[in-house]
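Scope of the values below: all heavy atoms of this structure, side chains included, with no hydrogens, waters or symmetry mates. So that the names make sense, note that chain A is the first sequence line, chain B the second, and so on, each numbered from 1. All values derive from a computational prediction rather than experimental measurement.
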Protein chains: 2
Amino acid sequence: MKLSLKVEYACQVLAQLGHTFGKAELPHIDELAQAESIPANYLVQILNELRNSGLIVSRRGKMGGYALAREPRAISMLDIVRAVDGDVLELSGEGTGASGARTHAIWRGIAKGLSENLRRHTVDDLMQAAAHEMYYI
Amino acid sequence: MKLSLKVEYACQVLAQLGHTFGKAELPHIDELAQAESIPANYLVQILNELRNSGLIVSRRGKMGGYALAREPRAISMLDIVRAVDGDVLELSGEGTGASGARTHAIWRGIAKGLSENLRRHTVDDLMQAAAHEMYYI
DNA sequence: CTCCACCTTTAAGGAAAGTTTCATGCTTCC
DNA sequence: GGAAGCATGAAACTTTCCTTAAAGGTGGAG
């Protein structure tokens, strides 16, 4: 049950955009890619998905770049997951078999709990310095 | 963010084994596969992983079959996920980049919360009749 | 008004994982 | 010893993930 690299990248780049939120000059793809050690060509696709989901905005041409669409605390990790990875803990099976329906029902409940937990974390949290990490290990 | 079919299958077959727990005659692979609409050849691998993790036991030869290793309420969904799908929300990346460490720390916290939630559900819950499903939708 | 820097869109390909199926050997009961 | 069933490993297929690439559109600067 692995977390996709794509979601990790998305969290990192949004944290990075959080730091430049409100500034006049917008960061470019290459700057973001280098700061977060993400392949630039892959980052392009992720940023597009984030833009299509309304989490970020972009400006074309010279002086172009990316920025958060709203303040960091107003973008949750649930928004991020749904933007790049689809529904949280989406079911693969059809719910067939004697225990299929019951199994689906329970997993939907678990997915709901996880979603609510993800909603409580925002880009603001991702921007905190690494010094507080001990609390999470 | 999809849940693997393998985990769903594992939950279903364990629910099925829960119903025959304590009985003298053990169900065969083919019976389990048919009851839960799971490809029998695939189910073999899943049952092996569940056995290697100590969740179920098996008997060879004629009159052979499978059974839970302990009572249904003593097998949690966290046990199931770890047996067939590895760690809960395992991280793919290296935690590199400016926000890599912080992102990892937050996701570890979320994974911990999900694990604790999974621990609260057991095979016993998976065995309940489908009539109670409405509460979970 | 032209060029350059930057974003936009799409696609192709390989690597990895997930799912299914098959083949062979080993145990136990009759 | 033979048949019924589990144990084990591997092959083949499908899907997803990750990476890289290329062609096109946009806006500011000179």
Quiz prompt | Glu94(A) atom CD, neighbour heavy-atom count above 12 within 6.0 Å | solution = no

Quiz item: Going 5' to 3' along DNA chain C, which nucleotides are the first and last within contact of chain A (any atom under 4.0 Å from a heavy atom)?
Solution: dA5(C) to dA17(C)

Exercise. State which residues pass side-chain contact (heavy atoms from CB on, under 4.5 Å) with Ala67(A); sequence neighbours excluded, sorted by chain then number.
Key: Leu26(A), Val57(A)

Quiz prompt | Within residues 74-89 of chain A, residues whose heavy atoms come under 4.0 Å of DNA chain D | solution = none

Exercise. State which residues pass side-chain contact (heavy atoms from CB on, under 4.5 Å) with Gln45(B); sequence neighbours excluded, sorted by chain then number.
Key: Tyr42(B)

Quiz item: Nearest heavy-atom pair of Ser37(A) and Thr96(B): which atoms, and what distance?
Solution: CB-OG1, 3.8 Å

Exercise. Any chance you could list the contact pattern along nucleotides 5-12 of chain D? Use B for base contacts, S for sugar-phosphate-only contacts and - for none, protein heavy atoms under 4.0 Å, 5' to 3'.
Key: SSSB-B--

Quiz prompt | For the student: nearest non-hydrogen atoms of Thr103(B) and Cys11(A), plus distance | solution = CG2-CB, 3.7 Å

Quiz item: Applying side-chain hydrogen bond (donor to acceptor under 3.5 Å, both in side chains), which residue pairs with at least one partner in residues 51-67 of chain B are found, sequence neighbours left out?
Solution: Asn48(B)-Arg51(B)

Quiz item: Which pairs count as salt bridge (charged side-chain N to carboxylate O under 4.0 Å, His left out) when at least one residue sits in residues 5-18 of chain A, sequence neighbours excluded?
Solution: Lys6(A)-Glu49(A)

Quiz item: Partners of Arg119(A) by side-chain hydrogen bond (donor to acceptor under 3.5 Å, both in side chains), sequence neighbours excluded?
Solution: none

Quiz prompt | DNA chain D-proximal residues of residues 6-16 of chain A, any heavy atom under 4.0 Å | solution = Lys6(A), Tyr9(A)

Practice problem: Can you run down the side-chain hydrogen bond (donor to acceptor under 3.5 Å, both in side chains) pairs that involve residues 9-26 of chain B, sequence neighbours left out, and say none if there aren't any? | Solution: Gln12(B)-Glu36(B)

Quiz item: Which residue pairs satisfy the salt bridge (charged side-chain N to carboxylate O under 4.0 Å, His left out) criterion with at least one member in residues 76-92 of chain B, sequence neighbours excluded?
Solution: Arg70(B)-Asp79(B)

Exercise. Would you please confirm or rule out a distance under 4.0 Å between OP1 or OP2 of dC18(D) and any side-chain N or O of Tyr42(A)?
Key: yes

Quiz item: Does Gln34(A) CD have over 12 foreign heavy atoms under 6.0 Å away?
Solution: no

Quiz item: Which is it for Leu91(A) and Arg108(A) under the side chain to side chain contact (heavy atoms under 4.5 Å, CB included) test, yes or no, and what are the steps along the way?
Solution: CA-CA 8 Å; Leu91(A) 293 164; Arg108(A) 276 196 298 271; 4.1 Å; yes

Practice problem: Could you tell me which residues satisfy side-chain contact (heavy atoms from CB on, under 4.5 Å) with Glu71(A), sequence neighbours excluded, listed by chain and number? | Solution: Phe21(A), Arg73(A), Ala74(A)

Quiz item: Rounded to the nearest Å, what distance is computed from the CG atom of residue Leu43(A) to the C1' atom of nucleotide dA21(D)?
Solution: 16 Å

